[in-house]
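Here the structure is laid out as structure tokens; the discussion comes afterwards.
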Amino acid sequence: MMNHWKPELLAPAKNLERLKVAILYGADAVYVGGQKYGLRARADNFTDYDLKNGVAFAHKYNAKVYVTLNAFLHDADLEGLGDYCQFLESIGIDGVIVSDVGVLRVVRKSSNLNIHLSTQASCLNSSSAELWKQFGVKRLIVGRELSVAETGLIGEKSGIDVEMFIHGAMCMAYSGHCTISNFTAGRDSNRGGCIQSCRLPYKLENQDSNPITFMSSKDLWGVHKIEDFFKHKICSLKIEGRMKSSFYVAMTCKAYRQLIDAYLEGTITPELLEKIASNLESIPHRDYSSGSLENPADSDSVFGQLSGNNRGTHEYLGIVIDTTSDYLALQLLEPLSVGDEIQIIPPKGEIINWKITQLLSVMGEALDSIQKDSVVCIPRVDILQDINQFTVIRLSRQKTVYKPELVTHS
Amino acid sequence: MQFNTFISSISDLERCVNAPNLQEVLLEPLLLARQGRLSLEEVEFLASEAVKRSLHPVLVWDILMPEQIMMEICQKISQYNLSKFSAIRVCDPGAAWWVKTHFPQLKIHLIVETGNHNLEALQGWCEVLSDSLERLILSIELPEKQLIEYCQKLPVGCEILGVGRILLFYSPRSLLSKHLSVNSSDEAIPYLETTVASEESHNRPFPTLETVHGTFMFLDKDQFILDQLASLEKAGLQRVRLDLRHLSQDGNIAVNIDNICQQILDNPTTLKTQWHQPIRAPFFKANRTTSIFHRMKSKAKLAGYRNEIGLAEIVAVESKTAVIFYALQAFEFAQINSLILPTGEERELPEDIEFRNLQGEVIKKCDYEQILITNWFKKAMPGTLLLGKIENV
């Protein structure tokens, strides 16, 4: 009998738009932050109203929603947490992500919410897992210092579900053990105020060389480790990036959805891996590394780039914000002109290469070009009939001279 | 007030014997401690010598351990005579649980200096470790008021750093060795130290250390609260840690500990003014590390309107031509009350305003997530919300 077990694909969602993009592009679950108690103070974060809408949308697609309560709180910060947990439970939140033992105890006292232990708690071994079991934790999001094999062993020994990061930015320090922001900028990194001091260039004493980013980590990708995740029964594969764009969310969800499904079907080929890797290269990222997924991360995992952390091969153009039978309305992040080449990335299926032959304003006027942060319409021709709301679009880096013919992706 | 300190030699021990109010010494084996340099045999020897001198030796096991490393370490120390130690000091929750379940008679000092800044959390550790837990090592990010409360309320003893380096960053990766030349005599026990400075931190030189267990960055100033211990002592603080490791000389890491302890009792103010390093205690009086957060969120002002009352949001403005809304819910235009700008300013909608769909048709109601277009009006800007009437909610 065929084994249909597969890990959950878990994606970040800064707001409702990212939540919908994530689920439409293949995430089985999303994690979001509310207005308080989380580690992303600068994110817009979900209001209670947004959470209700988000849960309704997710559950319609059989996807789950986890809320991050992962800050390390001081006494006064705990105020209202119990009531908030009861609210989360009432709207059907599928779990909460917690780092702080105090938060964990309040969650347990006030609700029956499933508790996932955040990577911030740095659970790194099976003995630690046993201790967290005593606290009622149902899932461990292990530290990024662990290999897939070690994580599998922890899950096996403890009997608790284990989750790993599969993609995204990484801290150089053990999670939860960096307070540079606290003492140098007066901003608590463990309550959402991290200033990313690890990314800065530093001059080492008595070194004649220029400042170096010796503490900046490359980004993680697990695109070549999918077999290991299945083999060691890692129950959830988490994509980092609650501050990131819909483009990032869409491309990572699409890539890893394809990978998980292809592995299960036995259809992974070198060509498929190359295509998926190429799409992951197109989003903003630092150089990629497999981190500690196989062996402990070494000096090769340091991102030595002094300036510019965007190695993405394509610019994010925008997102389909509305549709009619005749037009797609695009919300643009970059300017667009007739003659530009764009790539429309549907949640499933091949990317569509398209050359802009016509642009219309929302008032129906023909345009030669439009500035960024605008809304513009393009004709919904046959090949674009299946393109729906929340489809992301990227620009090719190179713009070509206007030609009226259609270019399709082979 | 009772003190403790780190030791690594007989000379250190002798000084501790002569130090008033100091009866506990901390021993750091290379295998288990972040900055440890001693072999297990050396630690065992010093522990025995400490006991002979009526001192209580505490084994420091403060590294964090991935599974493989922990398995190897536990195998090694299972064969070790841990009964020589009055307690084991741990940071990894896995280490704490392992000691509790394998050596239940041993006392645990749990380092909760990061991520444990509320009473509920500390009580949680007390409950889960129960009789095995003897002491909590509290964070220096806690203000005095909280420390006093915790000393009074917690069922175990508490300890705080009285003087010493402030750890900012602990990474398992070896971040310095690629950039620094290694002294051949130190190759057996890699231990690199330098300072690192960034323009963003005004080129302050942060001491940074690489050991076999990873890389550690410290603040350029020492924590110092030795002149402010009276209230904590009254509240029952069990121990004050005097960390002199960064002032080591010739392999001794408790240099001058006897004089320092005496000065704390006699004249801590003079000790403060004469301290070898610049000092600070940034959070001892208050911790305001979230005070800036309310200014960081661009949409925070309107978060309270993103509920049943928020009907639509302006997503784009074509100057002098059109304003484009995105419906946040299905609604009828008769429900509209006003606009609220991202600045929080509330405005009336222009009287002659008409809403059109993408086909250009004038409409009186819309669906959720539909684009709505109106003529341009003054002060229209992205992020502005269209608000409904409260009685309709």
Side-chain angles (χ1 to χ4, degrees), chain A residues 35 41-42 44 47 49-50 72-75 78 99-102 105-106 122 124-128 130-131 134 145-146 150 153-154 172-174 176-180 182-184 186-188 190-191 200-205 214-215 297 299 321-322 324 327 329 331 362-364 373-375, chain B residues 64-68 70 92-94 96-98 114-121 124-125 128 141 146 166 168-173 175 178-179 194-198 200-201 205 219 282 289-290 292-293 296-297 299 303 306-308 315-316 318 321-322 324 326 358-360 369-371 373:
Chain A
Q35 292 289 305
R42 278 186 297 164
D44 295 335
T47 62
Y49 186 68
D50 288 341
F72 287 117
L73 302 182
H74 289 231
D75 289 311
L78 289 169
S99 311
D100 184 317
V101 170
R105 281 160 58 91
V106 171
S122 271
L124 299 166
N125 50 68
S126 52
S127 188
S128 181
E130 287 295 336
L131 179 143
Q134 311 303 311
E145 295 76 19
L146 288 175
E150 285 176 306
L153 195 56
I154 291 169
M172 194 59 94
Y174 279 115
H177 289 265
C178 178
T179 52
I180 300 178
N182 304 37
F183 287 92
T184 63
R187 282 166 48 165
D188 194 337
N190 288 314
R191 285 190 284 176
L200 299 172
Y202 288 86
K203 186 106 173 43
L204 272 59
E205 186 183 7
F214 81 106
M215 292 203 299
S299 58
I321 195 175
D322 200 358
T324 68
Y327 294 104
Q331 185 173 19
V362 293
M363 305 293 272
D373 301 326
S374 303
V375 174
Chain B
L64 301 179
M65 296 160 288
E67 174 74 1
Q68 192 59 39
M70 176 137 190
D92 193 313
W97 192 250
W98 187 85
T114 54
N116 290 280
H117 297 144
N118 57 78
L119 185 59
E120 187 74 43
W125 290 115
V128 81
E141 293 180 65
Q146 256 60 59
I166 297 172
L168 299 179
F169 170 94
Y170 170 15
S171 169
R173 306 193 214 182
L175 300 175
K178 185 179 171 181
H179 306 287
T194 188
T195 62
V196 301
S198 74
E200 285 75 7
S201 297
L219 194 66
T289 48
T290 56
I292 196 173
F293 289 178
M296 286 161 60
K297 293 187 199 181
K299 290 188 179 177
R306 291 183 177 273
N307 50 33
E308 290 81 357
V315 293
E318 291 177 22
T321 308
I324 300 132
Y326 180 78
L358 270 178
Q359 284 101 334
E369 293 176 336
Q370 184 178 346
I371 290 290
I373 302 135

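Quick note on labels: first sequence line is chain A, next is B, and so on, each numbered from 1. Worth saying up front: this structure is predicted, and the values here are computed from it rather than measured.
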What option among [options] has the most heavy-atom pairs under 4.5 Å with chain B?
options	answer
Asp100(A), Asp373(A), Val106(A), Asp50(A)	Asp100(A)
Ala297(A), Gly364(A), Ser374(A)	Ala297(A)
Asp75(A), Leu73(A), Val101(A)	Asp75(A)

Exercise for review: Heavy atoms only, distances under 4.5 angstrom: which of Gln68(B), Gln370(B), Glu369(B) has the most pairs with chain A? Name it, please.
Suggested key: Glu369(B)
Check your understanding: Can you tell which of Gly360(B), Ser201(B), Ala316(B) has the highest number of heavy-atom pairs within less than 4.5 Å of chain A?
Key ->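 Ranked by contacts with chain A, first place is Ala316(B).
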Please state whether the side chain, the backbone, both or neither of [X] comes within less than 4.5 Å of a heavy atom of chain A.
X	value
Val196(B)	both
Ile371(B)	both
Ile373(B)	side chain
Pro282(B)	side chain
Asn307(B)	both
Gln146(B)	side chain
Leu119(B)	both

Point to revise | Where Leu146(A) and Glu67(B) come nearest, the two heavy atoms and their spacing | key: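 Heavy atoms of Leu146(A) and Glu67(B) come nearest at CD2-N, 3.6 Å.
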Practice item. Please report the closest heavy-atom contact between Gly115(B) and Phe72(A), naming both atoms and the distance. Key: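 Shortest heavy-atom separation between Gly115(B) and Phe72(A) comes out as O-CD2, 3.1 Å.
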Contact part of [X] toward chain B, heavy-atom cut-off under 4.5 Å: side chain, backbone, both or neither?
X	answer
Ser126(A)	both
Met363(A)	side chain
Ile180(A)	both
Ile154(A)	side chain
Phe214(A)	both
Gln331(A)	side chain

Is the shortest heavy-atom distance from the side chain of [X] to the side chain of [Y] under 4.5 Å?
X	Y	value
Tyr327(A)	Gln359(B)	no
Leu175(B)	Met215(A)	yes
Leu219(B)	Thr184(A)	yes
Pro205(B)	Glu205(A)	no
Asp92(B)	Tyr174(A)	no

**Study point:** Partner residues of Pro93(B) under the side chain to side chain contact (heavy atoms under 4.5 Å, CB included) criterion, sequence neighbours left out
**Key:**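 In terms of side chain to side chain contact (heavy atoms under 4.5 Å, CB included), with neighbours along the sequence ignored, Pro93(B) is linked to Ser128(A), Leu131(A), Trp132(A), Trp125(B).
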Check your understanding: What pairs with Ala329(A) under side chain to side chain contact (heavy atoms under 4.5 Å, CB included), at least two apart in sequence or on another chain?
Key -> Ile321(A), Asp322(A), Val375(A), Cys377(A), Leu358(B)
Review point. Taking the inter-plane angle between the rings of His117(B) and His74(A) on a 0 to 90° scale, is it parallel (under 30°), tilted (30 to 60°) or perpendicular (over 60°)?
Key: tilted
Review point. Any donor-acceptor pair under 3.5 Å linking the side chain of Arg306(B) with the backbone of Thr47(A)?
Key: no
